[in-house]
Amino acid sequence: MQEFDALLNEFTKELSPYKKAEKEYILEAAHWASSLHGKQKRASGDPYLIHPLRVAEILIKLYLDYNAIIAALLHDVLEDTEVTRTELRKKFGKEIEALVNGVTKISLIRAKSKTVQEAETIRKMLFAMARDVRVILIKLADKLHNMRTLEYLQPEKRKKIAGECLDIYAPLAGRLGISWIKNELEDLSLKYLQPEVFKQIQIWVSERHKQHSQYLARVKKAITDMAAEAKIKIQLEARAKHFYSIYKKMKKTGGPIDEIYDLLGIRILCSTVGECYELLGIVHNIWPPIEGRFKDYIAMAKSNGYQSLHTTVMGYDGKLIEIQIRTHEMHRTAENGIAAHWLYKKGFSKEIVRPEDIPIINQLKSWEDTRGASIEFLDEIKQELLKDSIYVFTPKGEVIELPKGSTAVDFAYHIHTEVGNHCMAAKADDMIIPLNKELKNTQVIEIITANNARPHVNWLRYARTSRARSKIRHWLNQNDANLIIDRSIVVKKTPVVTHVHKPLKEKKQQPLKQVLDKSKIGIRSGNERNLMIRIAQCCHPTIGDAIIGYVSRGRGIIVHRADCPNQAYIKDFKERMIDVEWETVSPKAAKRFKVTAKLTSDLFSEIEGALRKFRGHLIEGKLEDSTGETLNGFFTVELDNQEDFSKVLKSLRTIPAVVNIQPVQMF
């Protein structure tokens, strides 16, 4: 009891921003949570109540309303105690019960496949955010405190949780504009995913702290003196790069930490937008700016509401200094993102930020028709929704936000489906650009259309957004689902498709099992790839089959299996025969291996699960049951790094059903 009183006294000190009645309601929830969790302990051995109290404190720092604080205190009671939703609603009302239930539903998802479970968790979490963003803020606070106490878990579990935070929760905090949570989650993730690198950076920063502090004091004095001369009242902050940011710089440059020069930063806070630009001029008068390193996020704010001027200058002794200039109000939004609305715009009240006020919520609408979880859905969330954005303009000055890496094809389909379908060319700042060229921040993009222009299969490789890819696939499927142009087969892409083919000739074997991502597979003849190719409907050749091409009149090259019995009935087949071969179309490292395994029903999912550990993707695979006891087959995979292939093979050998596995040369 004394332990609880000490914890509660410490927590009560944090409640000063709330009204008296709200404080009493919050403390009532804390007492109830204590009685429910009773003698439950955390992995650290501490009383379990510490966790909900710390989660609530994080949300107090985000200035959330008292209902959200109460929900944070009770966020585990439905999962970890005997309390029912009805009891919770009766005691604290419908709003708090809905918040607690929203967080609980995210935590309770279970599925056979870890990948499917992860996808379903993220899907439910994001759509819960669309209903009430406070659910996600509670979940982020929950993750942050768990990451702060991760040391008490087993190493493998630590890495799993840290990887999930780096992939999902840190980017999500960034998209919501809560920079301090994003930075801390990234640093804590790095600590457990790359402990040696983390330690190296920690020691390096610690050793140079005094030196950097002295240098920054010199810089701050120069800015202060010039601002005083201009009669501008400012507040200065030294802005050290967080560890994960330094790690990313190391990865980008490929060099050691000693060769990273722009680690010093200053933040200047002032009162008005006009003063921001005046201070920018002052800074550039003291030190020369580095070309291409200026960004104006005041004139064009980020989608999460972030506003600031960014510039990098050549400071004293030839050292680069990153300088940010913003108003105090902009700074509050930059630190707390969407959560800043409660204190600075809405005040402490029951009124919450409307979902339509948050751009990330609007982006979620394109995923609302997702039926269940899928690997493809999870990849799209990670690569598109949680990725950094760029901002470009239409010729009329409308600002368009797109994921970083987007092309003119993505821009065209963002404007309208018909603009995309009839896109002929594109201009960036009045200059014609290739349709596959990545767009840059602040460019003015113009799409040139023509009535006879149509989507091309190559666009599937150019597009970066799910909307554009979906529209392109739809058009191609409506026109010719079997068309192959320039190395890609046009089909509606699914992450895993299982087909059963009956052999053309009687053989002592069972039907084939095949997985195929046709957007990654193409056909060539010699060095020629820009060919119009169709798959023969009589024999349905599949990846790995020996194939032969037939040059038809007006329909391009028809690809048959080499043993297709219909060759005998095509009069001029031999005269029009042409050699063709399969090839893999992937910007990543593609590898192929042979598998011998015992008969099992879920070998494909086990292989895919092993690949996912190394961010691998299964392009195609085919298993043949020829003996009634074993399966034989070939698989082609793509990986981010070629070096990961040996790790993948090692992981695959641990699958119980696998008898033998060996790499083979690509076709």
Do His310 and Arg293 have side-chain N/O donor and acceptor atoms under 3.5 Å apart? no
Backbone N/O of [Y] and side chain of [X]: donor-acceptor pair under 3.5 Å:
{"X": "Ser179", "Y": "Ala334", "value": "yes"}
{"X": "Arg464", "Y": "Pro403", "value": "no"}
{"X": "Asp296", "Y": "Leu309", "value": "no"}
{"X": "Thr394", "Y": "Glu398", "value": "yes"}
{"X": "Gln443", "Y": "Lys440", "value": "yes"}
{"X": "Asp142", "Y": "Ile138", "value": "no"}
{"X": "His242", "Y": "Tyr244", "value": "no"}
{"X": "Asn336", "Y": "Thr333", "value": "no"}
{"X": "Thr407", "Y": "Tyr462", "value": "yes"}
{"X": "Ser651", "Y": "Lys647", "value": "no"}

Nearest 0.5 Å, please: how far is [atom2] in [Y] from [atom1] in [X]?
{"X": "Met330", "Y": "Gln324", "atom1": "CE", "atom2": "CD", "answer": "12.5 Å"}
{"X": "Asp429", "Y": "Phe393", "atom1": "CG", "atom2": "CZ", "answer": "10.0 Å"}
{"X": "Lys396", "Y": "Glu446", "atom1": "NZ", "atom2": "CD", "answer": "11.5 Å"}
{"X": "Asn421", "Y": "His474", "atom1": "CG", "atom2": "NE2", "answer": "8.5 Å"}
{"X": "Asp410", "Y": "Leu435", "atom1": "CG", "atom2": "CG", "answer": "10.5 Å"}
{"X": "Ile298", "Y": "Thr327", "atom1": "CD1", "atom2": "OG1", "answer": "7.0 Å"}

Inspect the surroundings of NZ in Lys471 and state if more than 12 heavy atoms from other residues, nucleotides or ligands are less than 6.0 Å away. no
Can you find a heavy atom in the side chain of [X] that is under 4.5 Å from one in the side chain of [Y]?
{"X": "Val392", "Y": "Val444", "answer": "no"}
{"X": "Arg267", "Y": "Ile323", "answer": "no"}
{"X": "His414", "Y": "Glu401", "answer": "no"}
{"X": "Thr465", "Y": "Ser406", "answer": "yes"}
{"X": "Glu164", "Y": "Asp167", "answer": "no"}
{"X": "Phe635", "Y": "Arg592", "answer": "no"}
{"X": "Leu402", "Y": "Tyr391", "answer": "no"}
{"X": "Thr449", "Y": "Met424", "answer": "no"}

Please verify the inter-ring angle class for Tyr297 with Tyr306; under 30° counts as parallel, over 60° as perpendicular, anything in between as tilted. perpendicular
Contact summary for [X] and [Y], nearest pair of heavy atoms:
{"X": "Tyr192", "Y": "Ala162", "value": "CB-CB, 4.1 Å"}
{"X": "Tyr413", "Y": "Trp459", "value": "OH-CZ3, 3.8 Å"}
{"X": "Arg469", "Y": "Leu460", "value": "O-CD2, 3.9 Å"}
{"X": "Ile400", "Y": "Phe411", "value": "CG1-CE1, 4.0 Å"}
{"X": "Val637", "Y": "Phe645", "value": "CG2-CE1, 4.4 Å"}
{"X": "Trp180", "Y": "Leu62", "value": "NE1-CD2, 3.8 Å"}

Regarding [X] and [Y], does a basic nitrogen lie under 4.0 Å from an acidic carboxylate oxygen?
{"X": "Asp430", "Y": "Lys427", "answer": "no"}
{"X": "Lys404", "Y": "Glu438", "answer": "no"}
{"X": "Glu322", "Y": "Lys295", "answer": "no"}

Would you sort out whether Ile181 and Ile58 count as a side chain to side chain contact (heavy atoms under 4.5 Å, CB included), showing the intermediate values? CA-CA 9 Å; Ile181 288 186; Ile58 291 168; 4.3 Å; yes
Which is it for Ile415 and Ile447 under the side chain to side chain contact (heavy atoms under 4.5 Å, CB included) test, yes or no, and what are the steps along the way? CA-CA 9 Å; Ile415 300 301; Ile447 301 298; 5.5 Å; no
Before giving the answer on side chain to side chain contact (heavy atoms under 4.5 Å, CB included), spell out for Tyr169 and Lys139 the whole-Å C-alpha distance, their side-chain angles and the decisive distance to 0.1 Å. CA-CA 9 Å; Tyr169 293 98; Lys139 190 65 182 176; 4.0 Å; yes
Begin with the C-alpha distance, continue with both residues' side-chain angles, and end with the deciding distance and a verdict on side chain to side chain contact (heavy atoms under 4.5 Å, CB included) for Leu439 and Ile445. CA-CA 9 Å; Leu439 304 182; Ile445 308 299; 3.8 Å; yes
